[in-house]
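In what follows, chains carry the letters A, B, and so on, assigned in the order in which the sequence lines appear, proteins first and then strands, with residues in each chain numbered from 1. Not measured: the values here are computed from a predicted model.
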Amino acid sequence: MRIEDAPIRIIASDASWIDPVAVEQLRQTAALEGIDAIVGLPDLHAGRGIAVGAAFWSRSHVHPHLVGSDIGCGMALWETETPLRKFRLDAADRKLRGLEEPWEGDHAACLAKAGLPASLMGDALGSIGGGNHFAEMLCIDSVCDDEAFASLGLDTARVHLMIHSGSRGLGAAILDEQLARRNVSPLKAGDDACAAYLARHDEAIGWAVLNREIIARRFFERLGMKGRRLLDICHNSVTADRGGWLHRKGAAPADHGPIVIPGSRGDLTYLVRPRPEHAEEALQSLAHGAGRKWSRSEARDKLRRRFTVAELERTRLGSRVICEDRELIYEEAPQAYKDIRQVVADLDRAGLITIVAALRPLITYKTRRA
DNA sequence: ATGTAC
């Protein structure tokens with residue numbers, strides 16, 4: 001008996017370029033045991049074996065490697081009390097440093113308060129990490145839905161803070177344990193081994209949420225600011241869904257209230273409200289960002305010839321990028337990413353979102369460490 | 001992605 005592969009739906013208009021490598025990766029995962037439905041979002045791009053920007057639903061199994069190593073990675077947004085007219089870019093640039101270095105605070109107390117075991121201690125709590133992670137100050141560029149904006153209690157004059165970070169070494173260790181024990185073979189829902197993984201997974205989620213909270217606190221301390229958290233969403237996770245298990249690999253949830261869909265570091269970020277009507281067709285998932293257009297090595301090769309580091313430290317929107325790692329600033333340049341407008345337009349056209357507002361970057365912090 | 005493997 002041949003068991004049919006899971007159906008794959010890709011939500012993207014003809015105007016959106018989707019890497020055939022990423023589509024082939026989805027086909028490979030469609031043939032895995034117990035995978036029943038797959039959705040690719042418009043930011044779909046090739047990953048290391050598993051496509052990023054996708055959701056995988058199974059009625060019977062949990063696949064830790066579909067979640068990946070950065071369990072709990074996500075985006076959080078704060079509204080600060082600071083009006084844009086009082087925000088000084090040069091001063092912020094001078095004061096922001098050290099967010100990639102270990103946090104000197106009371107890790108054990110923070111973990112306990114978050115209901116997490118002290119055994120999850122590690123130097124990384126409160127630090128941004130590498131890759132595409134960042135902390136960014138933004139202002140409101142435009143409001144697209146006045147009613148939705150007002151209902152969130154937002155103020156167009158205020159500066160906002162967005163954090164993209166995850167569970168650092170913790171999530172990686174949890175996936176490594178699984179791979180060492182049973183390679184990529186799936187866990188059968190209900191088995192003790194599955195419950196054990198899910199318990200570890202949930203701890204990594206909690207750790208990642210706490211990590212973003214502490215990074216924001218450190219950021220605010222540096223700048224003498226205060227803020228309230230508006231949202232925190234994970235785009236790498238596996239959760240119980242419609243009697244089965246929903247794996248999100250670089251996919252934002254459509255069932256956790258408003259979300260942010262960030263562009264590249266030189267582009268707008270969109271605050272959107274998920275629409276429930278067609279959410280199930282997209283496995284309750286949305287794009288988590290612009291998505292890569294070029295691989296890291298392609299970006300380095302192409303952009304080193306065209307731009308100096310100094311040029312990439314200023315963006316076309318007038319914002320600044322603090323990234324003293326000169327390899328990373330090329331890898332993460334806006335040119336290496338797809339057009340966020342197209343990604344958001346595709347979700348809008350599919351009836352999956354209402355665009356609430358666009359946010360414009362002021363300063364993006366990645367690392368001071370060369 | 002990563003208290004990274006080469």
Exercise. Relative to Trp57(A), does Arg242(A) satisfy both conditions: NZ or CZ under 6.0 angstrom from the six-membered ring centre, and within 45 degrees of the ring's axis?
Worked result: yes
For this session: Write down the distance between CG (Leu120(A)) and P (dG3(B)), rounded to a whole number of angstrom.
Result: 14 Å
For this session: Give a yes or no on whether a salt bridge exists between Arg320(A) and Glu313(A), defined as a side-chain N under 4.0 angstrom from a carboxylate O.
Result: no
Exercise. What integer distance in Å separates Arg369(A):CZ from dT2(B):P?
Worked result: 13 Å
For this session: Nearest whole angstrom, please: distance from the P of dT4(B) to the CG of Leu328(A).
Result: 16 Å
Problem set entry | Aromatic plane relationship, His235(A) with His288(A) - under 30° parallel, 30 to 60° tilted, over 60° perpendicular | perpendicular
Exercise. So what does Gly131(A) hit on the nucleic acid, given a heavy-atom distance under 4.0 Å: a base, only sugar-phosphate, or nothing?
Worked result: sugar-phosphate
Exercise. Heavy atoms under 4.0 Å, any strand shown: does Gly171(A) hit a base, just sugar-phosphate, or nothing?
Worked result: nothing
Exercise. Using a cut-off of 4.0 Å on non-hydrogen atoms, how would the nucleic acid contact of Gly47(A) be classed: base, sugar-phosphate, or nothing?
Worked result: nothing
Exercise. Looking across every strand, which nucleic acid part, if any, lies under 4.0 Å from Arg168(A) by heavy atom: base, sugar-phosphate, or nothing?
Worked result: sugar-phosphate
Problem set entry | Nearest-angstrom distance from the residue atom CH2 of Trp207(A) to P of dA1(B) | 16 Å
For this session: Round to a whole Å and report the spacing from CG of Asp325(A) to P of dA1(B).
Result: 13 Å
Problem set entry | Row check, Trp17(A) ring normal vs Lys293(A) NZ/CZ: under 6.0 Å, within 45° | no
For this session: Verify the contact: side-chain N or O of His133(A) to OP1 or OP2 of dT2(B), cut-off strictly under 4.0 Å; return yes or no.
Result: yes
Exercise. Once you round it to whole Å, what is the distance between P of dA1(B) and NE2 of His164(A)?
Worked result: 6 Å
Exercise. Rounded to whole angstrom units, what separation is found between the CG atom of Asp176(A) and the P atom of dT2(B)?
Worked result: 13 Å
For this session: For residues His65(A) and His247(A), establish whether the separation of their ring centroids is below 6.0 Å.
Result: no
Problem set entry | OP1 or OP2 of dA1(B) under 4.0 Å from side-chain N/O of Arg296(A) | yes
Problem set entry | Spacing of Asn132(A) atom CG relative to dT2(B) atom P, expressed in whole Å | 8 Å
